[in-house]
Asks: 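The structure is given below, and queries will be raised subsequently.
A, B, ... follow the sequence lines: proteins, then strands. Residue 1 opens every chain.
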Protein chains: 2
Amino acid sequence: MEDRAVSCLIALRRVLSAADHNVRAVAKVTGLSVQQLIVLRIVEDTTEITPMMIARSAGVAPATATALIEKLAQMDYVSRRRSQSDRRRYWVSLTEAGKAALHSAPDPLHQKFSEEFARIPDYEQAMILAALERVANMVSTPGETLPGTDESHVLEVSEALGAETAGPV
Amino acid sequence: MEDRAVSCLIALRRVLSAADHNVRAVAKVTGLSVQQLIVLRIVEDTTEITPMMIARSAGVAPATATALIEKLAQMDYVSRRRSQSDRRRYWVSLTEAGKAALHSAPDPLHQKFSEEFARIPDYEQAMILAALERVANMVSTPGETLPGTDESHVLEVSEALGAETAGPV
DNA sequence: TAAAGAAACTTCATATTTCGAATTAATTAT
DNA sequence: ATAATTAATTCGAAATATGAAGTTTCTTTA
């Protein structure tokens, strides 16, 4: 029934709300703004990413991404490395300080989920995973994939591993 | 395995990302800011709600809630009615214009999900719903329940139905 | 191959948002 | 009564967001 889809969406909204509160709480503890934290997470997920991709992932304008990256770079949480194959671009990556900041605060949602998940029977775990992946496939569109699943830049990953002298931008 | 919990969280992040992009898209179409849209949805869910509860639900500071409500009231998307039982507070509710604005734009995620959900077998629907509700219960904490599930104000609902002269605030 | 076109990022000016702290008003507790 | 709480607001500072215009670097194409 239509009814069940609505129930699903309500549950989804509860999850969404929880995630939102979670990111705000984590941001507060780390001393980062919500957007800064989100960008930091995006960078962590991808290990290396360009400003454009950050803008798309975070859902902000390129100009805003520039400002956010600049701020994070000033805090020494991310570093920038000019791309050699396309010198208009550069790669943003987490510094050690950035990693440390990101993990300085526990992630309540993550922990809570993992903890409770571990306690349920195996077949239920499998069911939940299957359902979540199914739902993810239902709602995620190509344009809004998580940076980690976006492969439009992997052609350049080899470059990231190359031993360039790589001065900061 | 620990591994499976991580897979769940990854799927969850894909869903969250999709939802985030979705709310931004809907906001853009309606001409509302993301937060305004979220507040409007919260108000719709509860039919009547106080600024404090909006702040908690939306995850913003009280001062921010005031500003958001003021803006929405200026647009005539919400109305305010002073509470009689506690005259510091007031009730926020959607106007007809607010309802119209909220539904003027289609919700791609909602539609996409409903459409695909309708196509899958009954037992799978049931499985997905069960899984989603389970996950929602895992991650949502009492403090961050969706307004609709928060019953701390129902004692006052009768008041909302009472025939007070109810001038705007 | 030279010029036009497009893309990535920045800068700038401006508008909006957000929040903390202090404030007012109303309620509740002592 | 008086003190302590609570709900909401005001205000000022800082953060964020964006469009438009500009720079540099690719990419096309004539």
Asks: For a quick test of reading the model: is some side-chain N or O of A/Gln35 closer than 4.0 Å to OP1 or OP2 of D/dA17?
Replies: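 Answer is yes, contact under 4.0 Å.
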
Asks: Taking side-chain contact (heavy atoms from CB on, under 4.5 Å) as the test, write out the residues that go with B/Ala131, two or more places apart.
Replies: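 Per chain and number, B/Ala131 pairs via side-chain contact (heavy atoms from CB on, under 4.5 Å) with A/Met127, A/Ile128, A/Ala131.
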
Asks: Do any of residues 98-108 of chain A sit with a heavy atom less than 4.0 Å from DNA chain D, and if so which?
Replies: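 None, since no heavy atom is under 4.0 Å.
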
Asks: How bent is the helix from C/dT1-D/dA30 to C/dT30-D/dA1, measuring the angle between the end axes built from five pairs each, rounded to 10°?
Replies: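 That helix gives 30° between its end axes.
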
Asks: Which residues pass the side-chain contact (heavy atoms from CB on, under 4.5 Å) test with A/Thr47, not counting sequence neighbours?
Replies: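 Listed in chain order: nothing, the list is empty.
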
Asks: Quick one: side-chain hydrogen bond (donor to acceptor under 3.5 Å, both in side chains) pairs with a partner in residues 59-74 of chain B, sequence neighbours left out?
Replies: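 Sorted result for residues 59-74 of chain B: B/Glu70-B/Gln74, B/Glu70-B/Arg80.
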
Asks: Quick one, give me the B/S/- string for nucleotides 19-30 of chain C, reading 5' to 3', where B means a protein heavy atom under 4.0 Å from the base and S means that only happens at the primed atoms, P, OP1 or OP2.
Replies: BB----BBS---

Asks: Provide, to the nearest angstrom, the distance between the CZ atom belonging to B/Arg81 and the C1' atom belonging to D/dA8.
Replies: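 Taking CZ of B/Arg81 and C1' of D/dA8, I get 17 Å after rounding.
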
Asks: Can you tell me the distance, in whole Å, between the CG atom of B/Leu72 and the C1' atom of C/dT17?
Replies: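 Distance check: B/Leu72 CG to C/dT17 C1' gives 13 Å.
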
Asks: I'd like to check the salt bridge (charged side-chain N to carboxylate O under 4.0 Å, His left out) partners of B/Arg87; sequence neighbours left out, ordered by chain and number.
Replies: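 Residues passing salt bridge (charged side-chain N to carboxylate O under 4.0 Å, His left out) with B/Arg87: none at all.
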
Asks: State whether a side-chain donor-acceptor pair under 3.5 Å links A/Ser93 with A/Ser79.
Replies: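 Their side chains do contain a donor-acceptor pair, which is all the 3.5 Å distance test asks for.
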
Asks: How many whole angstroms separate atom CD of A/Gln36 from atom P of D/dA14?
Replies: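 Atom-to-atom, A/Gln36 to D/dA14, this comes out as 15 Å.
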
Asks: Could you check how far CZ of A/Arg89 sits from C1' of D/dT27, rounded to whole Å?
Replies: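 That distance rounds to 14 Å.
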
Asks: Using atom CD of B/Glu70 as one end and atom C1' of C/dT18 as the other, report the distance to the nearest whole Å.
Replies: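 Going from CD in B/Glu70 over to C1' in C/dT18 covers 16 Å.
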
Asks: Within this structure, what is the CG-to-C1' distance between B/Leu32 and C/dT17, rounded to whole angstrom?
Replies: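 Going from CG in B/Leu32 over to C1' in C/dT17 covers 15 Å.
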
Asks: Between B/Glu133 and A/Arg14, is there a salt bridge with N-O shorter than 4.0 Å?
Replies: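 Salt bridge absent between A/Arg14 and B/Glu133.
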
Asks: Would you say B/Lys71 reaches C/dT16's phosphate, i.e. side-chain N/O to OP1/OP2 under 4.0 Å?
Replies: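 False: B/Lys71 side-chain N/O out of range (4.0 Å or more) of C/dT16 OP1/OP2.
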
Asks: I'd like to check the salt bridge (charged side-chain N to carboxylate O under 4.0 Å, His left out) partners of A/Glu116; sequence neighbours left out, ordered by chain and number.
Replies: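 With neighbours one apart ignored, the set is empty.
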
Asks: Can you tell me how far P of D/dT9 sits from CG of B/Leu68, to the nearest Å?
Replies: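 Distance check: B/Leu68 CG to D/dT9 P gives 12 Å.
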
Asks: List in chain and number order the residues that pass side-chain contact (heavy atoms from CB on, under 4.5 Å) with B/Ala67, two or more places apart in sequence or in another chain; answer none if no residue qualifies.
Replies: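 In terms of side-chain contact (heavy atoms from CB on, under 4.5 Å), with neighbours along the sequence ignored, B/Ala67 is linked to no residue.
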
Asks: Quick one: side-chain contact (heavy atoms from CB on, under 4.5 Å) partners of B/Ala63, sequence neighbours excluded?
Replies: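 Scan of B/Ala63 (side-chain contact (heavy atoms from CB on, under 4.5 Å), adjacent residues dropped) gives none.
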
Asks: I want to check one thing: is the phosphate of D/dA15, taken as OP1 and OP2, less than 4.0 Å away from some side-chain N or O of A/Ser33?
Replies: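 So the side-chain polar atoms of A/Ser33 never come under 4.0 Å of the phosphate oxygens OP1 or OP2 of D/dA15.
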
Asks: Please report, rounded to the nearest Å, how far the P atom of D/dA15 is from the CD1 atom of A/Ile69.
Replies: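 Computing the A/Ile69:CD1 to D/dA15:P distance gives 17 Å.
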
Asks: For residues 24-40 of chain A, which residue pairs qualify under salt bridge (Lys or Arg N to Asp or Glu O under 4.0 Å), counting only residues two or more places apart or in two chains?
Replies: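 For residues 24-40 of chain A, and leaving out neighbouring residues, the salt bridge (Lys or Arg N to Asp or Glu O under 4.0 Å) pairs sorted by first residue read A/Asp20-A/Arg24.
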
Asks: Which atom pairs, donor and acceptor, lie under 3.5 Å between side-chain atoms of residues 32-41 of chain A and protein residues at least two apart or in another chain?
Replies:
unit_1: A/Ser33; atom_1: OG; unit_2: A/Gln36; atom_2: N; d: 3.1
unit_1: A/Gln36; atom_1: OE1; unit_2: A/Ser33; atom_2: N; d: 3.1
unit_1: A/Arg41; atom_1: NH2; unit_2: A/Asp107; atom_2: OD2; d: 3.1

